[in-house]
Undergrad: 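Handing you a structure now.
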Amino acid sequence: MSGFFSPFITKPASVSQIMLNVLLALVPGIILYVWFFGPAILVTLTLASITALATESLMLKLRNRPIAPFLKDNSALLTAWLLALSIPPLAPWWLVVVGTGFAISISKHLYGGLGSNPFNPAMVGYAVLIISFPAHMTHWLTPAGLAEIPLSFSDQLNYIFHSLLPGDIKIDAVTMATPLDTLKTQLHMNGQINAILNMPIYGYLAGRGSEWVAAGFLLGGIYLFAKNIISWHIPAAFLATLFITAGLFHLLDPARYAAPLFHWFSGAAMLGAFFILTDPVTSPTTPKGRLIFAFGAGLLTYLIRVYGGFPDGVAFATLLMNICVPLIDAWTQPAVFGKKEKS
Amino acid sequence: MRTLYQFHGGIHPPTDKTQSNQKPIAQSALPAKLVIPLHQHVGNSAKAVVETGERALKGQIIGRPEGHLSSAVHAPTSGTVAAIDLQPVAHPSGIPDLCITLIPDGLDEWALRDACEDWRALSHTDLRHRLRNAGVVGLGGAVFPSDMKLYAHKHKITTLVLNGAECEPYITCDDLLMRERAAEILQGAEIMRALLYADEVLIGIEDNKPEAINAMKAAVAAGGHARMEVIAVPTIYPGGGAKQLIRVLTGIEVAAGVRSTDLGVQCFNVGTAYSAWRAIRHGEPLISRIVTVTGNVDHPQNFETLIGTPVAELVAQAGALPGTTGYIMGGPMMGVLLPSDQAGVIKSTNCIIAASDKLFPPPKPVLPCIRCTRCADVCPAELQPQELYWFARAKNLTKAEDYHLFDCIECGACSYVCPSNIPLVQYYRFAKSEIWAQQAGKKAADAARERHEFRESRMEREKREKAEKLAAKEKAALAAAKEKAAVAHSPLPNPDKTTSHSTKLPNDGSQVAGYLPKGEGTNESLRELQVDDTIQLKIQAAIDHAKAQAAAIKPKNTGQLTPQQQAEIAEIEARRARIREIAKDATEEQPSK
Ligand code: SF4
Ligand code: SF4
């Protein structure tokens, strides 16, 4: 039986498809990730996915909601992937599980589930982890070719699940701080940008390897835009703000402030621009609102990166801007049909 | 080449028109009975002027227009009135309405037709009168009495827009009408242009109807119609909405609550123009229309159908197929599911779609809104449907109105694209009806308060009067006593020195409240009169206040509404009128003391 009320036809589009497309768009970045840093990330992604689906089911059951339609919406998977891509791949399994579990249960379902969470769940998960386990969050894998002791896949697995490394290798020997973090530390030690960027961990524009992963996310983002899944407002305004702010500082003192492209291809800038800040649930709905939101996020990201105490600024910038969304929406309601010139 | 404008949003659903537009218009067979609702148009229901058992001729008025905004209803063929009672009608509510059931006698015998060779010789008033008596209403779905839309001051309206866009999927009745009867549509348009003193006529047709466009263009040329242009407009839903078409053709945006005529444009459906021509030239009232029968039928086609033809009988002529689960009147975007297949075709029936599970699968499970704004992206009214949904759901009606709920034209584009399958329009319809209901409730409350205030003031007055009489007696006694002492005193205090509100009234009956001629003594009977005036004024003030309040919460726009809504509003209005009557009665009790 058809519905009782018009319209009787609907476009064959679903939340599940939208989310699936976003997951797909992450794939180029993930492939490059594996290429440069080895398959450990796949383990983290899988762990996060399983945790997310299990937590989602549990929470739906506790909240007395139908499980199947919500599990199929793919939104939990997306949260899991975004979180997994934000934390070091060589992390102990429980770190992934705790972060994902928190993201899904507390920051999504306690706020009312899909569509009702004010904060980006993946970024809440990330924030909780970096505040609770800061040490574990700094062990980023060294890109292939740079590591003194290359780890095999089984070595990586062994570390993830048993925190064991072969022989008496120290975790510090196979990991490093992120390129952003390294830059900050070096600048503190009165390094000069040019000299710092000549270190082997840096590549053409930013961190060796990670700059390519960022490029992969950029590619995925363009796909999302082409597929009409995201609008241009947030990525464009975010990247432009980041570029211009970084550019101004860089012009003022090129020795102490990295070039704008460095900021673009470092850390979670690309992931944030196309996949995190564009999360529809936690971003504004009006075009003007999106510009303001992304502008704020870009500025905050830069300031946190340069002056803050955390390795990257995207997560906290996102969360801070998430708070403002209802206000931004209320302030930026566009004029409706026929009422544009009216005062 | 004319520059066309765009409107925001819109969607491209499958058009599904080719099923029904391949064959010419067929004449629908005479049904066994005709069920003709007396209320098929916006405004007051027509009043039955025939009796059961009476024979009516084809084209004879069987329902007379009542009041200013109303339209006539006619016998679609000759036959006998079998019943005048409540019958299922083509309205989604399923509430039966007053209908005249006519059993055709097969003779198809016309009543006297008042044909007119040269309509230009008729006065405008006469033309409008003829249209009203011919029951000509907007056939594009609005069913607004056409005569009411054809008033204009000279040089006020520049453009008459003729709507042949037909943007809804499945529907092809206007397409076929334009292909086959273009010349007569244009003649009708000429009458309309004359009545409106309009300058140019723009005929908008979506570019997926090349045959219709060509036929109309040829007819414009052949008929020598000056300043009349057929314009192909892009195929996009809801490009056939009056506001959208006006925007595309002229660039003018008619905001909700604004009359398009105030901006120099009037818009009619092509079918209405055709009917107007038949009514004026041939004296044929609106007793039939073209209906697309499509969907789950063997041979979809357009039928020239008598008003009142039961839907089941009409569909049978297109070859009903098994698996039909219901009938949609109108298109799949804005149509309504009919409560009964026995309901008669009405003037707004442009299309009947036999629905099946295959064509219209059951609605998918609804998920929460993910704020993806696909709905806002397609909304032609440029609303934020996701916000409206939120407010409607939370029953936060004030907020919904703030976010322009009444600008929503219920086109359904938002529901169509929503990935969470939320029946958004349904929420808006609900919120609108809640607001109307509240207004009706508010009116009742106002009336109750008026009555209460009146009672209060009367009691107060009675108390005061008693006290005053007492005081007067005392004073009289005092005065009598003082008289003895030969000191003259006014029997009452000087009016402008007192705070008693009865004395703050003019005593000359001019009802200029708050102004008081000075230094004039009053006597008892005059004072009595003043007191009554006070109360009158108080009541008047209370009524005015209530009216002002009601006006303040009036929906910001009730211009662009579907017939059902208009009907609902009319119902509420009627209730309000009754409430006003009651309130008036209450105030009129007052002098009887
Ligand atoms: S299309 Fe549906 S899910 Fe998307 S914002 Fe609109 S109502 Fe919400
Ligand atoms: S139904 Fe109303 S809110 Fe939805 S798209 Fe149409 S006008 Fe906009």
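Order of the sequence lines sets the chain letters (A, B, ...), proteins ahead of strands, with each chain counted from 1. Just so you know, these numbers use all the heavy atoms, side chains as well, and skip hydrogens, waters and symmetry mates.
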Undergrad: Please check if the side chain of B:K17 supplies one atom and the backbone of B:E168 the other of a donor-acceptor pair under 3.5 Å.
TA: yes
Undergrad: Please look at B:P13 and chain A and tell me whether the side chain, the backbone, both or neither of the residue comes under 4.5 angstrom of a heavy atom of that chain.
TA: side chain
Undergrad: Could you look at B:V425 and say if it's the side chain, the backbone, both or neither that has a heavy atom under 4.5 Å from chain A?
TA: side chain
Undergrad: Just checking, any donor-acceptor pair under 3.5 angstrom between side chains of B:S20 and B:T172?
TA: yes
Undergrad: Below 4.0 angstrom, N of the basic side chain to O of the carboxylate: do B:E387 and B:K399 qualify?
TA: no
Undergrad: I'd like to know which of A:S16, A:P7, A:A335 tops the heavy-atom pair count under 4.5 Å against chain B.
TA: A:P7
Undergrad: So which of B:C418, B:P368, B:G330 has the biggest tally of heavy-atom pairs under 4.5 Å with chain A?
TA: B:P368
Undergrad: Is it the case that the side chains of B:S420 and B:R374 hold a donor-acceptor pair, with the cut-off being a distance below 3.5 Å and no angle test?
TA: no
Undergrad: Examine distances only and state if a side-chain atom of A:N74 and a backbone atom of A:Q17 form a donor-acceptor pair shorter than 3.5 Å.
TA: no
Undergrad: Residues of residues 276-294 of chain A under 4.5 Å from chain B (heavy atom pairs)?
TA: A:P280, A:V281, A:S283, A:P284, A:T285, A:T286, A:R290
Undergrad: Would you say that A:F238 contacts A:T301 through its side chain, given a criterion of any heavy-atom pair below 4.5 Å between the two side chains?
TA: yes
Undergrad: Need one label for A:I230: side chain, backbone, both or neither, based on atoms under 4.5 Å from any heavy atom in chain B.
TA: neither
Undergrad: Kindly check if the number of other-residue, nucleotide or ligand heavy atoms within 6.0 Å of CZ (B:R393) is above 12?
TA: no
Undergrad: Students often mix this up, so state it plainly: with edges at 30° and 60°, are the rings of B:Y170 and B:F360 parallel, tilted or perpendicular?
TA: tilted
Undergrad: Examine distances only and state if a side-chain atom of B:S433 and a backbone atom of B:F430 form a donor-acceptor pair shorter than 3.5 Å.
TA: yes
Undergrad: Just so I know, are the side chains of B:T292 and B:I352 near enough to count as touching, which here means a heavy-atom distance under 4.5 Å?
TA: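 Sidechains of B:I352 and B:T292: no contact.
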Undergrad: At a heavy-atom distance under 4.5 Å, which candidate from B:L367, B:N421, B:V417 has the highest pair count against chain A?
TA: B:L367
Undergrad: Given that the side chain runs from C-beta out, which part of B:P380 has a heavy atom under 4.5 Å from chain A: side chain, backbone, both or neither?
TA: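 Just the backbone, heavy atoms under 4.5 Å.
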Undergrad: Shorter than 4.5 Å, heavy atoms on both sides: which option in B:G335, B:S415, B:P14, B:P169 has the most such pairs with chain A?
TA: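 Of the options given, most contacts go to B:G335.
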